[in-house]
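Any value given below was found using the heavy atoms of this structure, including those in side chains, with hydrogens, waters and symmetry copies removed. Because the structure is a prediction, the values reported are computed rather than measured.
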Amino acid sequence: ASVAATPVARVAMGHALATASRGAVGAVLAALCAGAVAPPDLSDAAVSSAAAAAEAVARRRSELQAKLQKEREEDKLEPLQGRRALGGGGACMRDVDCGWYHVTAMVSDRRDLPSGNGARCLVGRCMCVSQFENKYGCPRCTLQLTPTYSYSDAGVELTTALHTVKGIIDACDVPVGGGPCHVGKCARDQANMTLQCPGDYDCNSAGTGSGICVGEDGDIGKCVCGEGFFCEDCSLRQQDLREGAQCGLQVSGGARCSNDDDCGPDVAGYCARPTFEMKESQKGTTLDRVADLVEGLSAGGNPTCKCEPGWTCRRCEQRFRDLELHGAACNCDDPSFVPNGGEYNASKQSVFLVPAPWDSRLECAVLYKIFRIRHFPSDDLRISTDRALQMLQEDGTEMGFREDASAELATVEYDFSDLDTLETIGDMPGHVVVDEENQRLPQFFFILAATFPRHNSTKRMVPSDYPNSF
(Lines give C-alpha, C1' and ligand atoms only; values in the text may rest on other atoms or scores of the structure.)
Protein backbone atom coordinates (compact mmCIF):
# COMPACT_ATOMS: atom_id res chain seq x y z
CA ALA A 1 0.00 0.00 0.00
CA SER A 2 1.30 3.42 -0.91
CA VAL A 3 1.08 6.31 1.54
CA ALA A 4 0.97 9.94 0.40
CA ALA A 5 3.03 11.74 3.01
CA THR A 6 2.55 15.46 3.71
CA PRO A 7 5.56 17.82 3.69
CA VAL A 8 5.58 17.71 7.48
CA ALA A 9 5.59 13.93 7.34
CA ARG A 10 8.50 14.00 4.88
CA VAL A 11 10.50 16.20 7.28
CA ALA A 12 9.70 13.83 10.14
CA MET A 13 10.70 10.88 7.98
CA GLY A 14 14.08 12.49 7.18
CA HIS A 15 14.65 13.24 10.84
CA ALA A 16 13.90 9.62 11.68
CA LEU A 17 16.40 8.41 9.12
CA ALA A 18 19.04 10.65 10.64
CA THR A 19 18.47 9.81 14.27
CA ALA A 20 16.78 6.38 14.58
CA SER A 21 18.65 3.09 14.38
CA ARG A 22 18.66 1.21 11.11
CA GLY A 23 16.79 -1.66 12.67
CA ALA A 24 13.98 0.59 13.95
CA VAL A 25 13.50 2.28 10.59
CA GLY A 26 13.51 -1.08 8.87
CA ALA A 27 10.77 -2.29 11.20
CA VAL A 28 8.66 0.84 10.58
CA LEU A 29 9.06 0.69 6.80
CA ALA A 30 8.32 -3.05 6.69
CA ALA A 31 5.10 -2.45 8.58
CA LEU A 32 4.05 0.35 6.26
CA CYS A 33 4.84 -1.54 3.06
CA ALA A 34 2.98 -4.64 4.21
CA GLY A 35 -0.09 -2.63 5.13
CA ALA A 36 -0.17 -4.48 8.46
CA VAL A 37 -0.63 -1.32 10.50
CA ALA A 38 -1.81 2.22 9.96
CA PRO A 39 0.87 4.85 9.31
CA PRO A 40 2.40 5.50 12.71
CA ASP A 41 3.21 8.79 14.33
CA LEU A 42 6.75 9.54 13.16
CA SER A 43 7.65 12.00 15.85
CA ASP A 44 10.99 11.69 17.70
CA ALA A 45 9.32 9.99 20.65
CA ALA A 46 7.56 7.50 18.43
CA VAL A 47 10.71 6.62 16.51
CA SER A 48 12.71 6.14 19.74
CA SER A 49 10.01 3.82 21.07
CA ALA A 50 10.09 1.77 17.88
CA ALA A 51 13.86 1.49 18.06
CA ALA A 52 13.68 0.18 21.63
CA ALA A 53 11.05 -2.38 20.64
CA ALA A 54 13.18 -3.60 17.73
CA GLU A 55 16.20 -4.00 19.98
CA ALA A 56 14.12 -6.01 22.45
CA VAL A 57 12.93 -8.31 19.66
CA ALA A 58 16.49 -8.80 18.40
CA ARG A 59 17.73 -9.55 21.91
CA ARG A 60 14.97 -12.09 22.45
CA ARG A 61 15.72 -13.73 19.11
CA SER A 62 19.41 -13.99 20.04
CA GLU A 63 18.53 -15.58 23.39
CA LEU A 64 16.29 -18.15 21.73
CA GLN A 65 18.98 -19.03 19.17
CA ALA A 66 21.57 -19.49 21.93
CA LYS A 67 19.17 -21.74 23.86
CA LEU A 68 18.45 -23.81 20.76
CA GLN A 69 22.18 -24.21 20.05
CA LYS A 70 22.80 -25.35 23.63
CA GLU A 71 20.03 -27.95 23.37
CA ARG A 72 21.52 -29.26 20.14
CA GLU A 73 24.93 -29.65 21.75
CA GLU A 74 23.37 -31.50 24.68
CA ASP A 75 21.59 -33.80 22.25
CA LYS A 76 24.95 -34.68 20.70
CA LEU A 77 26.26 -35.74 24.10
CA GLU A 78 23.17 -37.83 24.84
CA PRO A 79 22.03 -39.24 21.51
CA LEU A 80 20.05 -42.16 22.95
CA GLN A 81 16.37 -41.45 23.02
CA GLY A 82 13.71 -43.97 23.96
CA ARG A 83 11.38 -42.52 21.35
CA ARG A 84 13.46 -43.99 18.50
CA ALA A 85 13.29 -47.49 19.97
CA LEU A 86 10.74 -49.16 17.70
CA GLY A 87 12.72 -50.81 14.95
CA GLY A 88 12.60 -52.03 11.39
CA GLY A 89 13.91 -50.86 8.06
CA GLY A 90 17.17 -52.81 8.04
CA ALA A 91 18.34 -54.40 4.78
CA CYS A 92 17.46 -58.08 4.32
CA MET A 93 17.03 -60.79 1.71
CA ARG A 94 14.99 -63.38 3.63
CA ASP A 95 12.88 -63.53 6.76
CA VAL A 96 15.69 -65.26 8.66
CA ASP A 97 17.73 -62.05 8.28
CA CYS A 98 15.30 -60.26 10.61
CA GLY A 99 14.86 -60.86 14.33
CA TRP A 100 16.48 -64.10 15.52
CA TYR A 101 16.38 -67.67 14.32
CA HIS A 102 13.40 -69.84 15.14
CA VAL A 103 14.66 -72.63 17.40
CA THR A 104 11.65 -74.87 16.74
CA ALA A 105 11.41 -74.53 12.97
CA MET A 106 12.69 -77.37 10.78
CA VAL A 107 13.45 -76.83 7.09
CA SER A 108 15.63 -78.47 4.48
CA ASP A 109 17.37 -75.21 3.55
CA ARG A 110 18.01 -72.97 6.54
CA ARG A 111 17.77 -69.90 4.33
CA ASP A 112 14.01 -70.57 4.29
CA LEU A 113 13.72 -70.39 8.08
CA PRO A 114 11.13 -67.95 9.42
CA SER A 115 12.07 -65.24 11.88
CA GLY A 116 11.80 -66.29 15.50
CA ASN A 117 9.82 -63.21 16.51
CA GLY A 118 7.52 -62.91 13.52
CA ALA A 119 9.52 -60.23 11.69
CA ARG A 120 9.26 -60.24 7.90
CA CYS A 121 11.53 -59.21 5.06
CA LEU A 122 9.39 -57.13 2.71
CA VAL A 123 10.83 -55.46 -0.38
CA GLY A 124 14.34 -55.84 1.02
CA ARG A 125 13.57 -54.26 4.41
CA CYS A 126 12.85 -55.79 7.80
CA MET A 127 9.40 -55.11 9.21
CA CYS A 128 8.91 -55.74 12.93
CA VAL A 129 5.68 -57.22 14.25
CA SER A 130 5.22 -54.91 17.23
CA GLN A 131 1.83 -55.31 18.85
CA PHE A 132 0.36 -55.36 22.33
CA GLU A 133 3.17 -55.80 24.86
CA ASN A 134 5.59 -57.26 22.28
CA LYS A 135 7.74 -54.45 20.88
CA TYR A 136 10.96 -54.86 18.93
CA GLY A 137 13.78 -52.42 18.34
CA CYS A 138 16.81 -51.94 16.05
CA PRO A 139 16.73 -51.91 12.24
CA ARG A 140 16.53 -55.71 11.99
CA CYS A 141 14.11 -56.21 14.92
CA THR A 142 16.82 -57.99 16.92
CA LEU A 143 16.00 -56.60 20.37
CA GLN A 144 12.83 -57.16 22.36
CA LEU A 145 12.02 -54.01 24.26
CA THR A 146 10.86 -53.89 27.84
CA PRO A 147 9.42 -50.83 29.61
CA THR A 148 12.20 -48.96 31.42
CA TYR A 149 11.93 -46.14 33.94
CA SER A 150 13.12 -42.85 32.46
CA TYR A 151 14.94 -40.58 34.86
CA SER A 152 14.70 -37.69 32.40
CA ASP A 153 10.92 -37.33 32.44
CA ALA A 154 10.03 -39.60 35.41
CA GLY A 155 8.04 -41.89 33.15
CA VAL A 156 8.29 -45.29 31.49
CA GLU A 157 9.74 -45.61 28.02
CA LEU A 158 10.88 -48.23 25.52
CA THR A 159 14.53 -47.78 24.68
CA THR A 160 17.45 -49.59 23.11
CA ALA A 161 19.88 -47.96 25.54
CA LEU A 162 21.88 -50.31 27.77
CA HIS A 163 23.53 -49.10 30.96
CA THR A 164 26.93 -50.80 31.22
CA VAL A 165 29.82 -50.50 33.64
CA LYS A 166 31.55 -48.38 30.98
CA GLY A 167 28.62 -46.08 30.28
CA ILE A 168 25.50 -46.04 28.14
CA ILE A 169 25.55 -47.84 24.79
CA ASP A 170 22.93 -48.33 22.12
CA ALA A 171 22.21 -52.05 21.70
CA CYS A 172 21.49 -51.39 18.02
CA ASP A 173 25.14 -50.39 17.54
CA VAL A 174 26.30 -53.89 18.55
CA PRO A 175 26.27 -56.34 15.61
CA VAL A 176 23.90 -59.29 15.81
CA GLY A 177 25.11 -62.13 13.59
CA GLY A 178 26.41 -61.74 10.07
CA GLY A 179 29.86 -63.23 10.67
CA PRO A 180 31.14 -65.61 7.96
CA CYS A 181 30.99 -69.36 8.52
CA HIS A 182 31.78 -72.37 6.35
CA VAL A 183 28.48 -74.25 6.15
CA GLY A 184 29.98 -77.63 5.26
CA LYS A 185 27.81 -80.69 4.64
CA CYS A 186 24.77 -80.42 6.89
CA ALA A 187 23.25 -83.44 8.62
CA ARG A 188 19.58 -84.09 7.84
CA ASP A 189 16.91 -86.45 9.10
CA GLN A 190 14.79 -88.90 7.10
CA ALA A 191 12.43 -86.10 6.10
CA ASN A 192 15.43 -84.11 4.72
CA MET A 193 15.14 -81.52 7.49
CA THR A 194 18.44 -79.91 8.54
CA LEU A 195 19.57 -80.95 12.02
CA GLN A 196 23.00 -79.34 12.24
CA CYS A 197 25.84 -78.07 10.07
CA PRO A 198 29.61 -78.08 10.69
CA GLY A 199 29.57 -74.29 10.36
CA ASP A 200 27.42 -74.03 13.47
CA TYR A 201 30.63 -74.31 15.46
CA ASP A 202 31.65 -70.87 14.20
CA CYS A 203 28.39 -69.34 15.44
CA ASN A 204 27.62 -71.01 18.78
CA SER A 205 30.75 -70.38 20.83
CA ALA A 206 28.48 -69.08 23.61
CA GLY A 207 26.70 -72.41 23.85
CA THR A 208 23.63 -74.24 22.63
CA GLY A 209 21.06 -71.87 21.17
CA SER A 210 23.42 -68.94 20.66
CA GLY A 211 23.64 -69.14 16.87
CA ILE A 212 23.60 -71.23 13.71
CA CYS A 213 25.29 -71.05 10.32
CA VAL A 214 22.86 -70.29 7.49
CA GLY A 215 23.78 -70.81 3.86
CA GLU A 216 24.06 -73.31 1.04
CA ASP A 217 25.80 -76.61 1.79
CA GLY A 218 29.53 -76.41 1.13
CA ASP A 219 29.44 -72.64 0.69
CA ILE A 220 30.29 -69.68 2.91
CA GLY A 221 27.26 -68.70 4.96
CA LYS A 222 26.64 -66.26 7.78
CA CYS A 223 25.85 -66.55 11.47
CA VAL A 224 22.27 -65.97 12.60
CA CYS A 225 21.90 -65.45 16.35
CA GLY A 226 19.36 -66.71 18.82
CA GLU A 227 17.32 -64.34 20.95
CA GLY A 228 19.39 -62.18 23.27
CA PHE A 229 22.80 -62.90 21.70
CA PHE A 230 25.07 -60.28 20.17
CA CYS A 231 28.25 -59.94 18.04
CA GLU A 232 28.93 -61.26 14.56
CA ASP A 233 29.60 -64.74 15.97
CA CYS A 234 26.75 -64.60 18.54
CA SER A 235 29.26 -64.89 21.37
CA LEU A 236 27.92 -62.41 23.95
CA ARG A 237 24.69 -62.11 25.92
CA GLN A 238 23.06 -58.87 26.94
CA GLN A 239 24.30 -59.43 30.49
CA ASP A 240 27.86 -59.66 29.15
CA LEU A 241 27.46 -56.29 27.43
CA ARG A 242 26.23 -54.74 30.67
CA GLU A 243 29.36 -56.03 32.41
CA GLY A 244 31.60 -54.37 29.84
CA ALA A 245 32.37 -57.27 27.49
CA GLN A 246 33.29 -56.43 23.91
CA CYS A 247 32.73 -58.41 20.74
CA GLY A 248 35.82 -60.32 19.65
CA LEU A 249 37.56 -59.91 23.00
CA GLN A 250 35.49 -61.98 25.43
CA VAL A 251 33.03 -64.83 25.41
CA SER A 252 31.22 -66.07 28.52
CA GLY A 253 30.31 -69.72 28.74
CA GLY A 254 29.49 -72.06 25.90
CA ALA A 255 32.20 -74.71 26.30
CA ARG A 256 31.01 -78.29 26.18
CA CYS A 257 30.84 -79.94 29.56
CA SER A 258 29.96 -83.21 31.23
CA ASN A 259 29.43 -81.86 34.75
CA ASP A 260 29.72 -78.67 36.79
CA ASP A 261 33.41 -79.30 37.47
CA ASP A 262 34.11 -78.45 33.81
CA CYS A 263 32.77 -74.91 34.31
CA GLY A 264 35.13 -73.09 36.65
CA PRO A 265 34.84 -72.67 40.43
CA ASP A 266 31.62 -73.62 42.17
CA VAL A 267 30.34 -70.05 42.29
CA ALA A 268 31.39 -69.23 38.71
CA GLY A 269 29.23 -71.40 36.49
CA TYR A 270 27.47 -74.67 35.91
CA CYS A 271 26.89 -77.23 33.18
CA ALA A 272 23.51 -76.44 31.60
CA ARG A 273 21.76 -79.35 29.97
CA PRO A 274 19.22 -78.51 27.24
CA THR A 275 15.71 -79.90 27.58
CA PHE A 276 13.46 -80.71 24.67
CA GLU A 277 10.10 -79.28 25.54
CA MET A 278 8.62 -75.90 24.80
CA LYS A 279 7.55 -73.91 27.84
CA GLU A 280 5.20 -70.98 27.89
CA SER A 281 7.19 -67.78 27.99
CA GLN A 282 6.65 -65.73 31.11
CA LYS A 283 6.84 -62.53 29.08
CA GLY A 284 4.38 -63.70 26.43
CA THR A 285 6.97 -63.65 23.67
CA THR A 286 6.93 -65.96 20.70
CA LEU A 287 9.79 -68.09 22.03
CA ASP A 288 11.57 -68.80 25.26
CA ARG A 289 14.49 -66.57 26.20
CA VAL A 290 17.18 -69.05 25.30
CA ALA A 291 19.86 -66.43 25.92
CA ASP A 292 19.34 -66.57 29.68
CA LEU A 293 18.10 -70.12 30.13
CA VAL A 294 19.42 -72.85 27.87
CA GLU A 295 16.05 -74.56 27.88
CA GLY A 296 13.05 -75.03 25.66
CA LEU A 297 14.95 -76.26 22.61
CA SER A 298 13.23 -78.50 20.09
CA ALA A 299 16.40 -80.09 18.74
CA GLY A 300 19.26 -81.85 20.45
CA GLY A 301 22.18 -79.95 21.88
CA ASN A 302 25.29 -80.64 23.90
CA PRO A 303 25.48 -79.56 27.54
CA THR A 304 27.44 -76.31 27.75
CA CYS A 305 28.82 -74.08 30.48
CA LYS A 306 26.76 -71.12 31.64
CA CYS A 307 28.53 -68.42 33.65
CA GLU A 308 27.13 -66.58 36.61
CA PRO A 309 27.16 -62.75 36.46
CA GLY A 310 30.66 -61.36 36.83
CA TRP A 311 32.42 -64.44 35.43
CA THR A 312 33.72 -64.97 31.90
CA CYS A 313 35.74 -67.29 29.60
CA ARG A 314 34.12 -70.26 27.91
CA ARG A 315 34.59 -72.33 31.07
CA CYS A 316 33.84 -69.42 33.43
CA GLU A 317 37.26 -69.61 35.10
CA GLN A 318 37.99 -65.88 35.27
CA ARG A 319 36.24 -62.78 36.59
CA PHE A 320 35.52 -59.87 34.27
CA ARG A 321 37.40 -57.46 36.51
CA ASP A 322 40.51 -59.68 36.52
CA LEU A 323 40.60 -59.66 32.72
CA GLU A 324 40.05 -55.91 32.59
CA LEU A 325 42.27 -54.75 35.45
CA HIS A 326 44.79 -57.45 36.26
CA GLY A 327 45.80 -58.86 32.87
CA ALA A 328 44.25 -62.29 33.44
CA ALA A 329 43.54 -64.53 30.45
CA CYS A 330 41.33 -67.48 29.58
CA ASN A 331 42.80 -70.97 29.32
CA CYS A 332 43.02 -73.20 26.29
CA ASP A 333 41.58 -76.65 26.99
CA ASP A 334 44.18 -79.32 27.73
CA PRO A 335 44.52 -82.14 25.20
CA SER A 336 44.23 -85.74 26.34
CA PHE A 337 44.62 -89.13 24.71
CA VAL A 338 42.23 -91.92 23.79
CA PRO A 339 43.60 -94.54 24.16
CA ASN A 340 46.04 -93.32 26.76
CA GLY A 341 49.03 -95.63 26.37
CA GLY A 342 49.20 -99.40 26.02
CA GLU A 343 50.66 -102.23 23.97
CA TYR A 344 49.22 -102.98 20.53
CA ASN A 345 49.77 -105.90 18.22
CA ALA A 346 49.18 -103.92 15.05
CA SER A 347 51.10 -102.09 12.35
CA LYS A 348 49.46 -98.75 13.24
CA GLN A 349 47.48 -97.20 16.05
CA SER A 350 45.32 -94.04 15.90
CA VAL A 351 45.13 -91.74 18.89
CA PHE A 352 42.37 -89.19 19.57
CA LEU A 353 43.87 -86.01 21.07
CA VAL A 354 40.77 -84.01 21.98
CA PRO A 355 38.02 -86.18 23.46
CA ALA A 356 34.96 -84.52 24.98
CA PRO A 357 34.52 -82.15 26.63
CA TRP A 358 37.50 -80.50 24.85
CA ASP A 359 36.16 -77.38 23.14
CA SER A 360 38.82 -74.80 22.18
CA ARG A 361 38.83 -75.12 18.41
CA LEU A 362 38.05 -71.48 17.61
CA GLU A 363 40.59 -69.84 19.92
CA CYS A 364 43.32 -72.49 20.24
CA ALA A 365 45.23 -75.06 18.20
CA VAL A 366 46.61 -78.42 19.32
CA LEU A 367 50.25 -79.06 18.41
CA TYR A 368 51.65 -82.57 18.78
CA LYS A 369 54.87 -84.43 18.02
CA ILE A 370 55.45 -88.18 17.79
CA PHE A 371 58.79 -89.42 19.13
CA ARG A 372 60.26 -92.85 18.52
CA ILE A 373 62.39 -94.18 21.35
CA ARG A 374 65.46 -95.89 19.90
CA HIS A 375 67.32 -96.64 23.10
CA PHE A 376 66.61 -97.20 26.80
CA PRO A 377 66.99 -95.32 29.03
CA SER A 378 65.81 -92.37 26.88
CA ASP A 379 66.54 -88.71 27.46
CA ASP A 380 63.34 -87.85 25.52
CA LEU A 381 61.25 -89.17 28.41
CA ARG A 382 62.92 -86.72 30.83
CA ILE A 383 62.28 -83.54 28.87
CA SER A 384 61.32 -80.44 30.87
CA THR A 385 57.99 -78.66 30.47
CA ASP A 386 59.54 -75.48 29.05
CA ARG A 387 61.63 -77.45 26.58
CA ALA A 388 58.61 -79.52 25.55
CA LEU A 389 56.52 -76.43 24.83
CA GLN A 390 59.37 -74.90 22.87
CA MET A 391 59.80 -78.05 20.76
CA LEU A 392 56.10 -78.18 19.97
CA GLN A 393 56.02 -74.55 18.87
CA GLU A 394 59.11 -75.00 16.70
CA ASP A 395 58.43 -78.40 15.15
CA GLY A 396 54.97 -79.56 16.19
CA THR A 397 52.22 -80.75 13.85
CA GLU A 398 48.91 -78.89 14.12
CA MET A 399 45.91 -81.14 14.56
CA GLY A 400 43.43 -80.55 11.76
CA PHE A 401 39.66 -80.87 11.46
CA ARG A 402 37.63 -82.69 8.83
CA GLU A 403 34.82 -81.18 6.78
CA ASP A 404 32.27 -82.43 9.29
CA ALA A 405 34.16 -80.53 12.06
CA SER A 406 35.48 -83.71 13.71
CA ALA A 407 39.13 -83.76 14.75
CA GLU A 408 41.76 -85.65 12.81
CA LEU A 409 43.64 -88.42 14.61
CA ALA A 410 47.34 -88.77 15.31
CA THR A 411 48.66 -92.06 13.95
CA VAL A 412 51.58 -94.09 15.30
CA GLU A 413 52.88 -96.51 12.66
CA TYR A 414 55.33 -99.43 12.83
CA ASP A 415 58.34 -98.82 10.58
CA PHE A 416 59.25 -102.11 8.88
CA SER A 417 62.12 -100.48 7.02
CA ASP A 418 63.97 -99.41 10.16
CA LEU A 419 63.98 -102.18 12.75
CA ASP A 420 65.63 -102.10 16.16
CA THR A 421 67.91 -104.84 17.48
CA LEU A 422 68.70 -106.10 20.94
CA GLU A 423 72.11 -104.51 20.62
CA THR A 424 70.75 -101.05 19.78
CA ILE A 425 67.63 -100.87 21.91
CA GLY A 426 69.39 -101.12 25.23
CA ASP A 427 67.64 -102.00 28.48
CA MET A 428 64.02 -102.46 27.38
CA PRO A 429 61.19 -102.58 29.93
CA GLY A 430 61.19 -106.05 31.46
CA HIS A 431 57.62 -106.99 30.48
CA VAL A 432 58.19 -106.48 26.73
CA VAL A 433 57.94 -109.69 24.67
CA VAL A 434 60.06 -110.16 21.53
CA ASP A 435 58.43 -111.56 18.37
CA GLU A 436 60.72 -114.57 18.12
CA GLU A 437 59.12 -115.97 14.95
CA ASN A 438 59.82 -112.86 12.86
CA GLN A 439 62.74 -111.72 14.98
CA ARG A 440 61.26 -108.27 15.18
CA LEU A 441 61.41 -106.16 18.28
CA PRO A 442 58.48 -103.97 19.27
CA GLN A 443 58.88 -100.29 18.51
CA PHE A 444 58.33 -97.68 21.19
CA PHE A 445 56.73 -94.27 20.71
CA PHE A 446 55.41 -91.45 22.79
CA ILE A 447 53.33 -88.43 21.79
CA LEU A 448 53.75 -84.96 23.21
CA ALA A 449 50.83 -82.52 22.83
CA ALA A 450 49.77 -79.11 24.11
CA THR A 451 47.22 -76.44 23.17
CA PHE A 452 48.31 -72.94 22.14
CA PRO A 453 46.35 -69.77 21.33
CA ARG A 454 45.87 -69.24 17.61
CA HIS A 455 47.91 -66.40 16.10
CA ASN A 456 44.79 -64.76 14.66
CA SER A 457 42.76 -64.99 17.85
CA THR A 458 41.58 -61.64 19.22
CA LYS A 459 40.78 -63.10 22.62
CA ARG A 460 43.29 -63.12 25.46
CA MET A 461 44.27 -66.77 25.86
CA VAL A 462 47.11 -68.75 27.45
CA PRO A 463 48.40 -72.24 26.51
CA SER A 464 47.23 -75.36 28.28
CA ASP A 465 48.78 -75.79 31.70
CA TYR A 466 51.31 -78.43 30.71
CA PRO A 467 52.10 -80.74 27.78
CA ASN A 468 50.60 -84.20 27.88
CA SER A 469 52.36 -87.34 26.69
CA PHE A 470 51.09 -90.71 25.48
Side-chain angles (χ1 to χ4, degrees), residues 103 187 195-198 200-212 226 229 234-235 237 240 250-277 290-309 311-319 330-342 350-366 368 399 401-402 404-410 447 449-453 459 461-470:
V103 297
L195 299 176
Q196 61 182 6
C197 302
D200 292 346
Y201 196 90
D202 298 326
C203 307
N204 64 2
S205 60
T208 302
S210 59
I212 58 174
F229 288 90
C234 313
S235 57
R237 298 173 171 84
D240 301 328
Q250 291 100 8
V251 56
S252 298
R256 296 181 182 181
C257 54
S258 55
N259 54 60
D260 292 348
D261 294 337
D262 296 328
C263 303
D266 291 341
V267 298
Y270 59 92
C271 187
R273 299 178 180 276
T275 58
F276 311 105
E277 57 183 357
V290 295
D292 295 325
L293 296 175
V294 189
E295 296 178 345
L297 303 181
S298 63
N302 295 305
T304 55
C305 292
K306 185 175 187 302
C307 302
E308 297 290 354
W311 293 84
T312 187
C313 299
R314 299 197 69 220
R315 296 200 180 278
C316 315
E317 71 265 22
Q318 297 287 358
R319 294 183 183 272
C330 300
N331 298 323
C332 292
D333 285 353
D334 297 337
S336 56
F337 303 100
V338 176
N340 191 4
S350 296
V351 181
F352 191 30
L353 302 179
V354 288
W358 190 91
D359 194 8
S360 289
R361 171 186 164 188
L362 293 180
E363 304 88 7
C364 308
V366 174
Y368 69 93
M399 183 193 71
F401 290 87
R402 303 186 182 94
D404 62 358
S406 63
E408 295 178 350
L409 305 179
I447 303 176
T451 315
F452 298 87
K459 299 178 177 64
M461 307 290 296
V462 294
S464 53
D465 289 340
Y466 52 86
N468 288 323
S469 59
F470 159 71

Residues forming a side-chain contact (heavy atoms from CB on, under 4.5 Å) with [X], sequence neighbours excluded:
{"X": "P453", "result": "C332, M461, P463"}
{"X": "A407", "result": "F352, V354, M399, F401"}
{"X": "N259", "result": "D261, D262"}
{"X": "S336", "result": "P355"}

Item to check | salt bridge (charged side-chain N to carboxylate O under 4.0 Å, His left out) partners of residues 351-366, not counting sequence neighbours, each pair once | outcome: R314-D359
For [X] against [Y], the heavy-atom pair lying closest together:
{"X": "K306", "Y": "A272", "result": "CB-CB, 4.4 Å"}
{"X": "C234", "Y": "S210", "result": "CB-O, 3.2 Å"}
{"X": "F229", "Y": "G209", "result": "CE1-O, 3.8 Å"}
{"X": "C257", "Y": "C305", "result": "SG-N, 3.7 Å"}
{"X": "S235", "Y": "A206", "result": "O-CB, 3.6 Å"}

Item to check | With sequence neighbours excluded, residues passing side-chain hydrogen bond (donor to acceptor under 3.5 Å, both in side chains) with S252 | outcome: D240, T312
Next on the checklist: Please check this pair: side chain of T208 against backbone of N302, looking for a donor-acceptor N/O pair closer than 3.5 Å.
Outcome noted: yes
Checklist entry - Is there a donor-acceptor pair under 3.5 Å between the side chain of D260 and the backbone N or O of Y270? => result no
Checklist entry - Checking side-chain contact (heavy atoms from CB on, under 4.5 Å) for the pair I212/N204: CA distance, chi angles, key distance, verdict? => result CA-CA 6 Å; I212 58 174; N204 64 2; over 6 Å; no
Checklist entry - Who passes salt bridge (charged side-chain N to carboxylate O under 4.0 Å, His left out) against D333, sequence neighbours left out? => result R315
Item to check | Side-chain heavy atoms of Q318 within contact of W311, under 4.5 Å | outcome: no
Checklist entry - Is the shortest heavy-atom distance from the side chain of T451 to the side chain of D334 under 4.5 Å? => result no
Next on the checklist: Is there a disulfide between C263 and C307 in this structure (defined here as SG atoms under 2.5 Å apart)?
Outcome noted: no
Next on the checklist: If you apply the rule side-chain contact (heavy atoms from CB on, under 4.5 Å), what do you find for V351 with Y368, and how did you get there?
Outcome noted: CA-CA 11 Å; V351 181; Y368 69 93; over 6 Å; no
